[in-house]
Structures are given as C-alpha cells and as structure tokens.
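To find a chain, count down the sequence lines: A is the first, B the second, and so on, and within it residues start at 1. These numbers were taken from a predicted model, which means no experiment stands behind them.
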There are 2 protein chains.
Amino acid sequence: MKPETRKEEIIKTAAKLFKEKGYSAVTMRDLATAMGIKAASLYNHITSKQEILKVIIISLAEEFTQEMNLIKTSNHKAIDKLQMIVSLHVQITVKNTYGMACLNNDWMHLEEQLDYYLELRKKYEQDFIDIIKSGIKSNEIIDSNPEIIMFSILSTLRSLYLWIPKKEDINSNSLAQSLSKVLISGINT
Amino acid sequence: MKPETRKEEIIKTAAKLFKEKGYSAVTMRDLATAMGIKAASLYNHITSKQEILKVIIISLAEEFTQEMNLIKTSNHKAIDKLQMIVSLHVQITVKNTYGMACLNNDWMHLEEQLDYYLELRKKYEQDFIDIIKSGIKSNEIIDSNPEIIMFSILSTLRSLYLWIPKKEDINSNSLAQSLSKVLISGINT
DNA sequence: CAAGCAAACTAACAAGTGTTAGTTAAATAT
DNA sequence: ATATTTAACTAACACTTGTTAGTTTGCTTG
C-alpha cells in the first residue's frame, strides 16, 4: 500500500468539495476544515487554490487524450471503438467521480491552463466525430448528423459522475455494457 | 411588444453571466457592469443575489413540472410521451438557454428553495421512469433497467444548453425529431 | 544527542464580497 | 405646476477571500 502524500490527500478532498459546491464556492478555509487543519497550513503542500484545480482537471484531460489515441489508432470496427469509449468513461468515472464532476463543471475557472484544456477537449471531440463518420461510411451507423450522435452519446458519458455514486454495486463492466446497448441500439423493441 | 421590466432585464443578464462563470463566481459588481450601472442600483429592483437565482431556477422547474403533468395524464403511447418530453426540453432550452444552464449547474446554491426544487426534480424523474416502465410493460420499450434508460435520455436533454447556442439555425422541431430518433432507435443500422 | 525536516500553528494583510443608507435627477401623473 | 415614482448615484459597512511571514512541534536520521 503506497502511502498517499499529503498533497494528494488535499487534492482528493478538494475534488470532493468542488463536486458539491463548485470551485468558486469552496474556500481555502472550507478545504482546511475538511482536512482538519488551518487554511494557512495548506500552503505547505500546495502553491495556490488554482494549482489544485489545474492538477485535478489537466491530469484527467490528458488521460482521456491518451486513451483516445489508443482507441482511434486501433484496428477495431467503428461500433467497437464506440464501446471502448463508453468503457473508458465508465472506468475513469468510477475511479475518480469527484474529479470528473470538477472537470465537467469547473473547467472555465482554469487560468493559465484554460487554452490547453480547450485544445485537448476540441481534439477529443473531433476524434469522436471522426469515428462516427467512419462508422457511417462503413455502414455500421445510420446516416444521421454525426454531431447530434456525438453530442447525444457524450452528454450521457459526461453526466456519469452524477449517477454512478448513487449505485452501490457499481460493476464497471456490466454498466458499460448496458449503457453501450442503450446508446447504440436504442430503447425501442 | 411588451416592454421588459428592469427587473426582468437584470435577471436575464444575470442568467447569461451565471451560465459563463457560475452563480458563485459572478459578483453583484459584475452584474451591474454588464447592466451599465453601479452595484447598489441593482437593489432598487431586486432584494438580493439569491432572489435572482431563485426566480431563474424555480420558474423553470415549475414549467417542467406543469408540462410533465400534461404529458403523463395524456392518452398517448409511452414512446410518444417520450417524444413529447424530448420536444419539451428542446423547446424550453431554445427559449431560455441561459436559464437552463443555471438550472443545471447552480441549483445547489439555492437556499430557502433548495428542498422545494429537489422535490420537484425527484417527482419529475419519477414520472419519467413511470413512463418508461409502462412502455416496457406494453412492449414498446426493451426490457432493460429503466433507470439506465432514464439517465441516458435525461442526461442528453439536460446538456442541450451546451449545444444549442452553437447551432445558428436551430429549428426546434427538426432538432427534436432527430434527437428523438437517435435516443429511441439508437444509431446502428 | 544534534540536525534536519515535515507539517502544523498564529497573526495579519490587502482586496473583494453582498448589502444598506441616504441622496439626486429625470420622467410621469394629478 | 406640483407631487410622485422610477432609477440611478456616492459612500460606507461588516465580513470573507486567498495568501504570506514567521514560528513551533515532533519525528527521523546522522
């Protein structure tokens, strides 16, 4: 068992608070209280409130970017790639629910790193659309507006953080499978 | 053309700012500057920052509640009811994009009205699930976890505010139709 | 035992927060 | 013409914000 550093503890606690109230509404004194220390003591471990946000969001965004690169350069069919994307989101959200909430709701409060984040997000969405387009070309996916399809799927995946903590028995694999079926095959008989 | 009251102007402007930065990050001075006046002058029209949030969110939540009551007591088939829900979300989001962003992101900053809001939301989601369950019973909808189905559809509908402003030519009806098709029939061939 | 270090503390600051009080100027109604 | 209303203003308040400086405490290592 690797001992978690104090800094990692702070970031984890911050992510939890950010999920509940949002970055702006959480004060350094709130965070300190949650850690059982005084606000000034936080600065022995982190350099600023902003740094906490940066670490939470950028590390997640880079993880998504990396995994997307593996998926898009793989040799699977488009539909299978979509399933891999669903699994990716489920897995990361299960592992780091608070961070995902933060990524979704507080990205606009990034300062130095805002442009970088937006760039990563834009690329991710473009890769997503390209996969859908290739699936349309290969006749795996209906010839409908790729943006609507992307938006529809990605909205659900991005909202997973709202829903996953409610389920006690989160089996990542079975959730990813159920979700893939609904998103890809629809719900009608 | 009914002349908009000053209070309505303030609330509209506030909703726009809240969408961009969130309730907590928008100061009364920000809002005043956006209105071209001083912060103290706002208080000739509104009683508090909190009141602005309340008006934006509660009026929308009540509108959804009212429309949901019409839909659920109607005589349509379950699938048609789902389509009506999709249309409802598209229509309200087109009409009040900023307010919908606020509803989705800032509800937790409600004070007096938080419990009331949560109650309305809970009822809405329960009605939604009941429609899905009735569709499963009548064999219109696949016999899958109703919660997953509800979550999947509602996540997309709740994220519409992120997507609708990007499209210049939003034809509500055609968007609702495309979206219904993707959400209900899926995307595979 | 001494030195070094990690991690907490108290005290304080400068800037920004929502909000109130009291006033003024122009438009509208009597 | 006078009175009322609307909507802005200046000045200030009490409090909260992120952050810095300097200090203390207890553990670990030479």
### Charged N-O contact under 4.0 Å between A:Lys16 and A:Glu20
no
### Message
Whether the B:Gln126 and B:Asp130 side chains hold a donor-acceptor pair (N or O, under 3.5 Å, no angle test) is what I'd like checked.
### Response
yes
### Query
Distance-only, no hydrogens or angles: does the B:Asn96 side chain make a donor-acceptor pair with backbone N or O of B:Ile92 under 3.5 Å?
no
### Message
OP1 or OP2 of D:dA7 versus the side-chain N and O atoms of B:Ser41: is any pair under 4.0 Å?
### Response
no
### Task
Send over the distance from B:Lys7 NZ to D:dA7 P, rounded to a whole Å.
12 Å
### Task
Mind checking A:Arg29 for me? I need base, sugar-phosphate or nothing, with any heavy atom below 4.0 Å counting as a touch.
base
### Message
Check this one for me: any side-chain N or O of B:His45 less than 4.0 Å away from OP1 or OP2 of D:dA8?
### Response
yes
### Query
Between D:dG18 atom C1' and A:Leu17 atom CG, what is the distance in whole Å?
16 Å
### Query
Just checking, any donor-acceptor pair under 3.5 angstrom between side chains of B:Ser48 and B:Gln50?
no
### Task
Could you tell me whether A:Lys12 and A:Glu4 have a side-chain N and a carboxylate O separated by less than 4.0 Å?
yes
### Message
Go nucleotide by nucleotide along DNA chain D from the 5' end; which of A:Ile46 and B:Ala39 gets its closest nucleotide reached first?
### Response
B:Ala39
### Task
Measure the angle between the two terminal helix axes of the helix from C:dA3-D:dT28 to C:dT30-D:dA1, five base pairs each, and quote it to 10°.
10°
### Query
With a 4.0 Å cut-off, would you call A:Glu67 and A:Lys72 a salt bridge?
no
### Summary
chain B reaches DNA chain C, atoms under 4.0 Å from its heavy atoms, from C:dT17 to C:dA21
### Query
In whole Å, what is the span from the OH atom of A:Tyr43 to the P atom of D:dT17?
12 Å
### Message
Could you tell me how far apart A:Leu42 (CG) and D:dT19 (C1') are, to the nearest whole angstrom?
### Response
11 Å
### Along DNA chain C (nearest heavy atom to each residue), the more 5'-positioned of B:Ser48 and B:Asn44
B:Ser48
### Task
Provide, to the nearest angstrom, the distance between the CD atom belonging to A:Gln50 and the C1' atom belonging to D:dT17.
15 Å
### Query
Below 4.0 angstrom, N of the basic side chain to O of the carboxylate: do A:Glu51 and A:Lys7 qualify?
yes
### Query
Quick one: do the A:Tyr124 and A:Asn69 side chains pair a donor with an acceptor below 3.5 Å?
no
## Note on the structure
When rounded to whole Å, the NZ to C1' distance for the pair A:Lys38 and D:dT25 reads 16 Å
### Query
Quick one: do B:Arg158 and B:Glu125 make a salt bridge, cutoff under 4.0 Å?
yes
### Query
Using a cut-off of 4.0 Å on non-hydrogen atoms, how would the nucleic acid contact of A:Thr27 be classed: base, sugar-phosphate, or nothing?
sugar-phosphate
### Query
Does the side chain of A:Lys49 get closer than 4.0 angstrom to OP1 or OP2 of D:dG18 through an N or O atom?
yes
### Query
Once you round it to whole Å, what is the distance between C1' of D:dT24 and CD1 of A:Ile37?
16 Å
